[in-house]
Amino acid sequence: MEKYNPQEVEKKWQQVWNAPDYYRTVEDSSRPKYYALEMFPYPSGNLHMGHVRNYSIGDVVARYRMMAGYNVLHPMGFDAFGMPAENAAIAHGVKPGDWTFANIKNMTAQQKAMGLAYDWEREVETCREDYYRWTQWLFELFYKRGLAYKKEAAVNWCDKCGTVLANEQVVDGKCWRCDSEVHKKNLAQWFFKITAYADELLADLDKLKGWPNRVKIMQENWIGRSEGLEFAMDVPALNEKISVYTTRPDTAFGITFLALAPEHPLIEKICAVSPNADAVKNFCEHAKSQSDIERTSSESEKEGIFTGVYCVNPFNGREVQIWVTNYVVFEYGTGAVMAVPTHDERDWMFATKYGLEKIWVIDNPKSPLDFDTMTNAYVDKEGVLINSGKFTGMEMHQAMSAIIDFAEAQGFGKRKVNYRLRDWLISRQRYWGAPIPVIYCDKCGEVLVPEDELPVKLPDDVEFKQGALSPLSTSKTFNECTCPKCGGHAHRETDTMDTFICSSWYYMRYTDPHNDKMPFARDKVNYWSPVDQYIGGIEHAILHLLYSRFFTKVLRDAGLLDYDEPFANLLTQGMVIKDGAKMSKSLGNVVSPEEIINQYGADTARLFILFAAPVERDLDWSDEGVQGSFRFLNRVWRIIHIFANNFDTSAQNLTAEEISLRRTLHKTIKKVTEDVRDRFAFNTAISALMELVNAMHAFQDKPINPNLARELARDLLIMLAPFVPHIAAELWSKFFEGDVHKQSWTTFDPAAIVEDEVEIVIQINGKVREHVKVAVGLSKSDLEKLAPTLPRVDELTAGKKIVKVIAVPGKLINIVVK
RNA sequence: GCCGAAGUGGCGGAAUUGGCAGACGCAGCAGACUCAAAAUCUGCCGUAGGCAACUACGUGCCGGUUCGAGUCCGGCCUUCGGCACCA
């Protein structure tokens, strides 16, 4: 028997799998389809352990489904536009495209060294013209459907990245990529109208039965739907109205002031009549200069200034002061808030600080409030209205709808649904992205580039300088053009698209990657979609997964596809941790996949990473654990060779020991199948395989029935194939015909797992006192009768009274004594 | 503050429907093989007491339901994640 040499074995099989037709996928209506997908990577240059984990999980899923008779689509590609390529251009003078393609080449080689079962002919690279042509085409589709628009707004600007960011890409006031602080800037930018789909994006979360609950909850929070009342308050001094939005119309009689965001357009008019206009203007400047964190943290100091102007509460006719404050968010609702200090914590703090009036309008009849000594707002969702005119005495929830009805009947307000979700800012002042296909004509204004002129190609003659200027605007060949409508003088949009747009539809392109008439054919995308199993990191819970859901719904409404949700099942893998922290260069705890693969082989790396932790949980890297996995593969290598020595011996009837070993095999088949198919419990599937190999080891020095030896070797290799494809293929080729990866998944023989005896537990007062073997199928009453006849039971219950006997067939007998 | 997840040996983890807590692996200890070491194989391995059979305790804490709770219920504690002045 030669030694297990993973380097040699893996190289050999990777060459076999690299043949163009080995993993080629075609539509086939005779088999059920299965679309297995891992989130495609950014081509940073090297795989890290997070990638290895992601692809190992996906490969087990795909390979198992292939063997289980499904027509499996399992593609890979690269999210190839993005800033690091551009930064490399600035730092080292290399072209972003050259840098990117070199990285893709390197990473593809690393992926191939992992032995992954991909159809490489479907590879997608988002930076290639034949891909971004369709990204631009989709932008135009959104534009034509009124879902892409340009607007001047205060947007998030990252100095370090030299570009604007979408709300989803700002984390705790910082840039999601470089972690530097983001500030507001007024710029005219392109947006996608994701808010038009807010309701459906929220409602359809219910359809996603195969998604982790926490991801759905995160999206729900992000969309942030609320119901309430929007109503107008008169400003007599200006002969104007201010609209406010509230979710607590039941507290409307407690309004004591009105709070405006410093950006509110009415402030200018107020200043025209205000006695302290200068102070108000100064305050607004000050508030606007505060950083995002200062402005939006609930712990920040609330500040404000009285404008000297009043408005009228339409419910009771009271005049209330108009204040400008730093805690009202302009982008949400109407940018103006009715303030009720007694029933809102923020208003309480503000009113206390500035000595404003507090009027209580809700009391709790169950435990009446002592208003004179209250030090907080009363915000519980329970109570009855007081001091509220004709609504006094009404239960607060009834009062909410009654007050809304009243406002609607009087014509000064209406029911309103609001969302926290904002439109998606998609412009980026960067080079390495898909150019926005828009032309600005001196006469015609904003014009789309005609479809047959797509793609708008990225020019080569640009200067890569950090700053507010889009690199494309430095190109001499790109900028100037003629108007497609009138032929007159025009110039191009020089911003590119957020790369999240490229990744919002790549999984559709995989279904028809070489189509040069359309982004994809409708019948192909419908055949393969939705993705049956999507696998990736939790960090995309909102970003990529929300954007992709939005894209799917827009493309459905445009008639390009016929389903509502892109990803039927989602698996969010945990991080790879070492020494208690995420692997990172700065901590110096990075383990390179390349080194592990060189030392032990890809099979060992895959096995360890799948065995060490459940897929959803963080995984602690352990060098000793890797050695353990390598040891196991060596055990497999030896035991298969030993068993194969018995293949040609003469067959006898199975001994009792052999029957028991066969039972272990079939129980293992059942468990591994269920763990892989239903639970993604790869760690327990592998532990069951280890137990089987341990059981086989009891026969290492004994002759074994040749039929059983063959059955064990065969089924073990089939079950190992999705996890450790190279060693399984090699051992199979040595002792069996054909290719292990083209075998049907093995099934268990129900007759083989039947036991004739079961061990049941005897408990006395719930404590285990004895184990007995009984015939299988003994009924409840048989067991109850059996219990008192056991000598041990007799001994332990001597002198005590048996109160009750509980029997669970096949499990236990519990005797209750006093 | 609100929402969510988790807490089990020295470590990673198992226990799928309320029924033997600690499968499997790592580390450790002992033995076999060897001149020796490595590799391999075998056994032991929650804590305390005991030569042992065995006994008591034990799944973050307190209480409850149940013949029986890691699992269910109520109340806390800790850690991690998300949202966070959204009216």
Side-chain angles (χ1 to χ4, degrees), chain A residues 3 171-172 212-222 224-226 228 244-248 251 259 261 294-302 325-340 343-347 349-350 379 418-422 538-539 541-542 577 608 611-614 616-629 631-632 634-635 638 671 674-675 678-679 681 683-691 693-694 697 700-701 759-771 803-808 810-817:
Chain A
K3 232 179 109 197
V171 181
D172 290 332
N213 224 10
R214 60 174 180 149
V215 175
K216 289 191 273 187
I217 288 167
M218 282 161 77
Q219 292 210 355
E220 196 180 317
N221 290 342
W222 189 260
R225 183 182 198 273
S226 74
V244 297
Y245 172 74
T246 181
T247 56
R248 291 295 305 274
T251 64
E294 287 171 299
R295 279 286 295 276
T296 60
S297 166
S298 52
E299 272 133 56
S300 298
E301 182 71 13
K302 289 166 190 31
T325 70
N326 65 344
Y327 72 91
V328 173
V329 178
F330 176 62
E331 290 85 6
Y332 183 78
T334 60
V337 172
M338 66 174 220
V340 183
H343 302 289
D344 181 283
E345 282 173 34
R346 297 153 301 185
D347 297 342
M349 278 190 264
F350 191 84
V379 295
N418 255 314
Y419 297 94
R420 215 192 68 105
L421 182 72
R422 312 284 154 78
I538 186 77
E539 67 271 19
I542 293 167
I577 301 283
F608 168 72
F611 174 64
E616 302 238 358
R617 252 196 264 178
D618 286 351
L619 182 152
D620 239 3
W621 185 265
S622 148
D623 293 329
E624 293 79 15
V626 176
Q627 282 179 40
S629 293
R631 258 199 295 272
F632 172 71
N634 277 290
R635 270 163 81 80
R638 276 193 306 274
K671 173 151 181 70
E674 289 168 358
D675 280 356
D678 307 332
R679 304 205 302 148
N683 55 330
T684 53
I686 291 166
S687 83
L689 290 167
M690 287 173 169
E691 284 180 84
V693 170
N694 290 347
H697 253 78
Q700 63 178 322
D701 300 321
E759 193 180 77
I760 65 163
V761 165
I762 312 293
Q763 298 182 334
I764 295 183
N765 288 345
K767 296 196 184 221
V768 179
R769 286 294 181 255
E770 177 71 314
H771 297 85
V803 182
K804 201 173 178 184
V805 177
I806 294 120
V808 182
K811 291 253 166 78
L812 57 69
I813 303 169
N814 188 13
I815 300 160
V816 186
V817 298

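Just so you know, these numbers use all the heavy atoms, side chains as well, and skip hydrogens, waters and symmetry mates. Below, chains carry the letters A, B, ... as their sequence lines are ordered, and counting in each starts from 1.
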Can you name the side chain to side chain donor-acceptor pair (under 3.5 Å) partners of [X], sequence neighbours left out?
X         : value
Arg225(A) : Asp199(A), Glu227(A)
Glu674(A) : Lys670(A)
Asp347(A) : Tyr327(A)
Lys671(A) : Asp675(A)

| query | Stems in RNA chain B: runs of 3 or more consecutive Watson-Crick or G-U pairs, distances under 3.5 Å? | reply |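 Correct response: B:1-7 with B:77-83, B:10-12 with B:24-26, B:28-32 with B:40-44, B:46-49 with B:54-57, B:60-64 with B:72-76.
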
Restricting to nitrogen or oxygen on both sides, can you table the protein-nucleotides 21-23 of chain B pairs closer than 3.5 Å?
unit_1, atom_1, unit_2, atom_2, d
rA23(B), O2', Glu691(A), OE1, 3.2
rA23(B), O2', Glu691(A), OE2, 3.3

| remark: Hits for salt bridge (charged side-chain N to carboxylate O under 4.0 Å, His left out) against Asp344(A), two or more places apart or cross-chain, chain-then-number order -> Arg346(A)

| message | According to salt bridge (charged side-chain N to carboxylate O under 4.0 Å, His left out), who are the partners of Glu301(A), at least two apart in sequence or on a separate chain? | response |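 For Glu301(A) the salt bridge (charged side-chain N to carboxylate O under 4.0 Å, His left out) partners, ignoring immediate neighbours, are Lys353(A).
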
| query | Got a donor-acceptor pair under 3.5 Å from the side chain of Asn221(A) to the base of rC83(B)? | reply | no

| message | Looking at Tyr327(A), I'd like to know whether one of its side-chain N or O atoms comes within less than 4.0 Å of OP1 or OP2 on rA87(B). | response | no

Detail all sub-3.5 Å separations between protein N/O atoms and N/O atoms belonging to nucleotides 47-49 of chain B.
none

Strictly under 3.5 Å: I want the nitrogen or oxygen pairs between protein and nucleotides 40-44 of chain B, one per line.
unit_1, atom_1, unit_2, atom_2, d
rU40(B), O3', Arg638(A), NH2, 3.2
rC41(B), OP1, Arg635(A), NH1, 2.7
rC41(B), OP1, Arg638(A), NH2, 3.4

| Sequence neighbours excluded, which residues qualify as side chain to side chain contact (heavy atoms under 4.5 Å, CB included) partners of Ser300(A)? |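 In terms of side chain to side chain contact (heavy atoms under 4.5 Å, CB included), with neighbours along the sequence ignored, Ser300(A) is linked to Ser297(A).
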
What are the atom names and distances for every N/O pair under 3.5 Å that joins the protein to nucleotides 31-34 of chain B?
none

